[in-house]
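The chains referred to below are lettered A, B, ... by the order of the sequence lines, with proteins before strands, and numbering in each begins at 1. What you see is a predicted model; the values in this text were computed from it and never measured.
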Amino acid sequence: MSSFISKVKRTHYCGDLGISNAGETVVLMGWAHRRRDHGGVIFIDLRDRTGIAQVVFNPEKNAEAHAEAHKIRSEYVIAVKGTVITRLEGMENPSLKTGQIEVMAKSVEILNESKTPPFLLDTDTEISESIRLKYRYLDLRRQNIQDNLILRDKVASGTRNYLHDNGFIEIETPFLGKSTPEGARDYLVPSRVNPGSFYALPQSPQLFKQLLMISGFDRYFQIVKCFRDEDLRADRQPEFTQIDMEMSFVAEDDIINVIEGLMATIFKSALNLDLLPPFPRLAYAHAISRFGRDNPDTRFGLELVDLTDILKYSNLKFFSDTVSRGGIIKAIKLSEGRRLTRKDLDVLPGYVSDFGAKGLAWARVNESGWTSPIFKFLSPSEVQTINSRMEATPGDLIFFVADSHKIVHDSLGNLRLHLADKLNLVQPDSFSFTWITEFPMFEYSETEKRYMATHHPFTAPVQEDIPLLSTDPGKVRARAYDLVLNGSEIGGGSIRIHRSDIQSLVFKALELGDEEVRGKFGFFLDALEYGTPPHGGIAFGLDRIVMIMAGADSIRDVIAFPKTQKATCPLTEAPSPVSLAQLMELSLKII
RNA sequence: GGGGUCGUAGUUAAGUCGGUUAUAACGCCGGCCUGUCACGCCGGAGGCCGUGGGUUCGAGUCCCAUCGACCCCGCCA
């Protein structure tokens, strides 16, 4: 039995040691990060989750420990007992938090050996993700990933503390639930004892949290996994974590106030940053009109400007024809347009074509007019009016898109982000929150040939728009709000419908049949009839918040064991086939 | 479902116009080295060039297919 662990206990974490520990005898345990063998003296950088401390093995001072240190290789697990000494002048390492001290080893024990790791565990080299995920337990030893997960813990615990302090009660809701027709594709779980029937994993605990309001819990929250079987993105995983909450007897402002307090609290506790609520609010229609998206990044300009009225009778047929077909013309202006070369301009139409734009016109503004392929088709007064509305001055570069409402906003909204990224228009480590309000209740789906809920079908309509539910659903505004941080939707919620008659009107507007509604949501409609308090709530994507706070490029960097883009786990090799016996037990057959 | 980038040693990359034995750095192994901290110096091992097919006298390089990683569109109430 090892004398370390059983008798000699760890006294300190490596990263916590400093000048104040000088002279103390300490016991450290951790991984050999690096070994520098000088033939005589050996240095070992000992690493644990707090950081690195240099351990010195001197053959003249302790031959036995020095001999043992010879055997140590990368990632060996070792225990060291030694004395903290202040490094002599000129021997400090300023790049190390503990660089003013080192530990003179008296004894050492190799607690476990390690195979040579498949990649270096430093932060400098970028290792391909498939290898990182296959050896995720090693990848997770790396400092930056550990930092991310520690930050995540701070955000989660800060959230729990804040919400408890504000009277919220954490309540768990089922993972094995009922499949719902609206929304994302469900992950299904077959029921063994009910052959042919399936549970669905929750896309969110939406109905359960509303039921908890009906039950009188008044303020509920939960930090909980949600599941959506849709294609993955850099900021989307099939299972992700929500900060989910619901409050009774509230209106929009009550929820917004609680959330602004929550954001201020976690940014303070996790990043020591002081946010300054209230956050600006922007109506959905204005967000689309000015930024082309409902999740605008407001940290830089390049706002969309409407030129439809100026160009609707233009000699440029593409412009005038677009307008006569009901389209619009908008533009964005880039200052310092010289930063884009002619070659850059040539590839941008390809970029906006992803969003359906058939073309991208551009104009370089100069003293005498424009340098632009479309200049000769425009009248001097059109050019002048555009310059004046765009507030364009020589050197600026203007981009135009003429197309349908949706394509113009999609393409310019994304071009705006693309240019900001390419030209570094955004100051890193800056955080900009915006509430988006007054969402439309419904959006018409061309594929489904019916209206779909923008938010979800339990969102309350604005009171004065209720009559429109049966006459003109497209015009109904929802009592919904999203919180956008740096151009990412990090949370969204709404005041809910608490009357069953209104809920029925909404289902009608969605053209869901009575039978289908009864079958899928009957239990909920019943519950609404037993004294439902007015209530509302919101849910946040914890992963996304942490990702933005950490400055990570991918949501996978803030999740301990994430899935690849094909929703597999290279470490465990999930998903995998199962035995015939398992299938038979579930009454399932592979087709 | 669609578009794109990529796949060469354990890792990260180079590899020209198709041409002889496929390079480098780091890592690894051995030797030397008592103050380094990405230690240094000397030596060494290490390759189904993702996989399969094709073109060619000849393929890491060209073509087709396929698998995988990533980014995007669709999708994500």
Exercise. With respect to the side chain of A:Leu120, which nucleotide from B:C76, B:G27, B:C37 is positioned closest?
Worked result: B:G27

Exercise. Just wondering, do A:Phe43 and B:U36 stack (centres under 5.5 Å, planes under 30°)?
Worked result: yes

Problem set entry | Among B:A69, B:C28, B:U11, the nucleotide that comes nearest once only the side chain of A:Ser74 is considered | B:C28

For this session: Kindly indicate whether the side chain of A:Arg73 and the base of B:C29 share any N or O donor-acceptor pair separated by less than 3.5 Å?
Result: no

Problem set entry | Which residue lies more 5' along RNA chain B, comparing A:Gly40 with A:Asp553 via nearest heavy atoms | A:Gly40

Exercise. Does any nucleotide pair with B:C70 by Watson-Crick or G-U wobble geometry, both distances under 3.5 Å, and what is it?
Worked result: B:G4

Exercise. Among B:A69, B:C37, B:C75, which is the nearest nucleotide to the side chain of A:Met91?
Worked result: B:C37

Exercise. Closer than 4.0 Å, any side-chain N/O of A:Thr568 to the OP1 or OP2 of B:G68?
Worked result: no

For this session: Look at the side chain of A:Arg35 and the base of B:U36, then say whether one donor and one acceptor between them are separated by less than 3.5 Å.
Result: no

For this session: Return the 5'-most residue of the pair A:Gly99, A:Met452 with respect to RNA chain B, ranking by each residue's nearest nucleotide.
Result: A:Gly99

For this session: Scan every strand shown for a Watson-Crick or G-U wobble partner of B:G60, both distances under 3.5 Å, and answer none if you come up empty.
Result: none

Exercise. Would you say the base of B:G27 and the side-chain of A:Arg34 have a donor-acceptor pair closer than 3.5 Å?
Worked result: no

Exercise. Which nucleotide, B:U36, B:A69, B:C71, lies nearest any side-chain atom of A:Glu102?
Worked result: B:U36

Exercise. Quick one: is A:Arg36 getting a side-chain N or O under 4.0 Å of the B:C39 phosphate, OP1 or OP2?
Worked result: yes

For this session: May I ask you to check if A:Arg416 and A:Phe300 form a cation-pi contact, with NZ or CZ under 6.0 angstrom from the six-membered ring centre and within 45° of the axis?
Result: yes

For this session: Using both distances under 3.5 Å as the test, list the Watson-Crick or G-U wobble partner of B:G43, or none.
Result: B:C29

For this session: Could you measure between the two P atoms, the one in B:G60 and the one in B:U8, and give it in whole Å?
Result: 15 Å

For this session: Using the C1' atom on both, measure B:A22 against B:G43 and round to a whole Å.
Result: 22 Å

Problem set entry | Centroid distance under 5.5 Å and plane angle under 30°, A:His38 vs B:C39 | yes

Exercise. So, is A:Lys566 close to the B:A69 phosphate, meaning a side-chain N or O under 4.0 Å from OP1 or OP2?
Worked result: no

Problem set entry | Atom-pair distance (CG on A:Asn414; C1' on B:G74), nearest Å | 14 Å

Exercise. Which whole number of Å gives the distance between the P atom of B:C6 and that of B:G46?
Worked result: 31 Å

Seminar exercise, completed: What residues 484-512 of chain A contributes to the RNA chain B interface at heavy-atom separation below 4.0 Å is none

For this session: Please determine, for the side chain of A:Glu230, which listed nucleotide (B:C70, B:C75, B:G35) has the closest atom?
Result: B:C75

Seminar exercise, completed: Re B:C49: Watson-Crick or G-U wobble partner, both distances kept under 3.5 Å, found to be none

Problem set entry | Plane angle bin for A:Tyr444 and A:Tyr451 - parallel if under 30°, tilted between 30 and 60°, otherwise perpendicular | perpendicular

Problem set entry | From B:U11, B:C72, B:C39, nucleotide with atom closest to A:Ile127 side chain | B:U11

Exercise. With respect to the phosphate group of B:A69, does any side-chain polar atom (N or O) of A:Thr564 fall under 4.0 Å of OP1 or OP2?
Worked result: yes

For this session: Return the value, rounded to whole Å, for the distance between atom NE2 of A:His33 and atom P of B:A38.
Result: 10 Å

Exercise. In whole Å, what separates the C1' atom of B:G58 from that of B:C73?
Worked result: 42 Å

Exercise. Judged by modelled atom types alone, do A:Asp543 and A:Gln237 share a side-chain donor-acceptor pair under 3.5 Å?
Worked result: no

Problem set entry | Residue-phosphate contact under 4.0 Å: A:Gln54 side-chain N/O, B:U36 OP1/OP2 | no

Exercise. Would one find a side-chain N or O of A:Ser128 under 4.0 angstrom from OP1 or OP2 of B:U12?
Worked result: yes

Exercise. Given that both distances must come in under 3.5 Å, which nucleotide forms a Watson-Crick or G-U wobble pair with B:A24?
Worked result: B:U12

For this session: Select one nucleotide: of B:G35, B:C76, B:C70, the one nearest the side-chain heavy atoms of A:Glu129.
Result: B:C70

For this session: Look at the side chain of A:Arg236 against the base of B:C76 and say whether a donor-acceptor pair falls under 3.5 Å; ignore hydrogens and angles.
Result: yes

For this session: Ignoring the backbone of A:Asn93, work out which of B:C37, B:A69, B:G35 is nearest its side chain.
Result: B:C37

For this session: Write down the distance separating the P atoms in B:C72 and B:G53, rounded off to the nearest Å.
Result: 35 Å

For this session: Tell whether A:Asp354 reaches the base of B:G3 with its side chain through a donor-acceptor pair below 3.5 angstrom.
Result: no

Problem set entry | Side-chain donor-acceptor contact under 3.5 Å, A:Lys330 with A:His409 | yes

Exercise. Taking NZ, NE, NH1 and NH2 as the nitrogens, is one of them in A:Lys475 or A:Asp465 under 4.0 Å from a carboxylate oxygen of the other?
Worked result: no

Seminar exercise, completed: Per atom distances to the A:Arg556 side chain, the nearest of B:C70, B:G10, B:C72 is B:C70

